[in-house]
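Single-structure report; data block below.
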Amino acid sequence: DRILIDNRYDASPDADANKFMEPFKHRVDSIMAPIVGTTSVPLASYRPESPLSNLLSDILVWGAKPYQQQVDFAVYNIGIRAAFAKGDITVGDVVDIAPFENKICFLTLSGEKVMELFKQIASTGGEGVSGSVHLEITKQGELKKTLINNQPVDPNKQYRIATLDYLAQGNDKLEAFKSKTNVFS
């Protein structure tokens with residue numbers, strides 16, 4: 001059976017449970033407490049795009065460098081599970097927003113498939129995209145305008161994309177990713 005664990009248990013902590021957890025607390029805190037960044041504003045995730053979802057996409061672009069990957073843009077889904085409060089960001093905060101064991105994935109799509117991908121992003125109400133992408137989406141989920149690096153999408157060009165392995169499989173209604181080539185993960 002499922003038991004909701006929320007703050008109601010904070011008012012009267014279970015002494016036996018605390019005693020059981022004590023040996024693990026220091027180890028977990030030592031892993032989760034290091035500060036990895038700060039933010040001057042709260043960062044939350046929402047559609048059609050948000051500072052947090054776009055930040056995570058930009059991090060995927062940044063993450064391409066150690067793999068010697070030159071990417072045109074990145075896509076990160078809005079499946080973000082938490083937000084960053086204003087102030088320090090810890091390892092634990094990062095785990096809270098992205099608790100899954102996703103891996104970064106690099107792939108290539110033709111410009112024609114990129115347009116299909118952007119239409120799918122529009123139909124979902126938006127997803128996180130890196131700063132090199134400009135999408136205009138109506139409230140009805142229709143794609144009105146697309147630019148990559150301030151240029152229209154060329155249907156004949158091959159675009160290198162960073163994303164999560166989960167999305168690269170065509171999940172979250174981003175089926176254009178199923179046409180990927182030159183995959184590196």
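Just so we're clear, the structure is a prediction, and the values are computed from it rather than from any experiment.
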Pair up each side-chain donor or acceptor in residues 70-81 with any protein partner under 3.5 Å, not counting sequence neighbours, and list the distances.
from	atom 1	to	atom 2	distance (Å)
Asp72	OD2	Arg160	N	2.7
Asn77	ND2	Asp172	OD2	2.7
Arg81	NH1	Gly79	O	2.9

Is a side-chain donor or acceptor of [X] paired with a backbone partner of [Y] at a separation under 3.5 angstrom?
X      : Y      : answer
Asp93  : Thr90  : yes
Asp165 : Lys103 : yes
Ser50  : Ala44  : yes
Thr39  : Pro42  : no

Task: Partner of Ile104 by side chain to side chain contact (heavy atoms under 4.5 Å, CB included), out of Leu164, Thr163, Leu60 - done: Leu60
- [ ] May I have all residue pairs that pass side chain to side chain donor-acceptor pair (under 3.5 Å) and include part of residues 144-154, sequence neighbours excluded?
- [x]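 Qualifying pairs, neighbours excluded: Glu142-Lys144.
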- [ ] Tell me, yes or no, whether the heavy-atom count around Lys119 atom NZ, taken from other residues, nucleotides or ligands under 6.0 Å, exceeds 12.
- [x]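 No - once you tally the heavy atoms of other residues, nucleotides and ligands closer than 6.0 Å, there are 12 at most.
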Open item on the list: Within a 6.0 Å radius of atom CD on Gln69, are there more than 12 heavy atoms belonging to other residues, nucleotides or ligands?
Closed with: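 Yes, because the 6.0 Å sphere around CD of Gln69 holds more than 12 heavy atoms from other groups.
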Task: Asn54 versus Ser57, side-chain donor and acceptor atoms under 3.5 Å - done: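 Not at all, the side chains of Ser57 and Asn54 share no donor-acceptor pair under 3.5 Å.
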For a 4.5 angstrom cut-off between non-hydrogen side-chain atoms, does [X] reach [Y]?
X      : Y      : result
Glu116 : Leu109 : no
Gln158 : Ser110 : yes
Val114 : Ile161 : yes
Leu117 : Ile121 : yes

If every non-hydrogen atom of [X] is compared with every non-hydrogen atom of [Y], which pair is closest and at what distance?
X      : Y      : value
Ile35  : Asp88  : CD1-OD2, 3.2 Å
Leu107 : Ala168 : CD2-CB, 3.6 Å
Pro51  : Tyr46  : CD-OH, 3.3 Å
Val153 : Ile148 : CG2-CD1, 3.9 Å

Task: ILVMFWY cluster, Val94 and Val28 together (side-chain gap under 4.5 Å) - done: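 Yes, Val94 connects to Val28 through the hydrophobic network.
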Task: Asp96 CG to Ile89 CD1 distance, which is reported to the nearest 0.5 Å - done: 12.0 Å
- [ ] State plainly whether the residues Glu22 and Lys19 are in salt-bridge range, i.e. N to O under 4.0 Å.
- [x] no
Open item on the list: Tell me whether the rings of Phe184 and Tyr67 are parallel (<30°), tilted (30 to 60°) or perpendicular (>60°).
Closed with: perpendicular
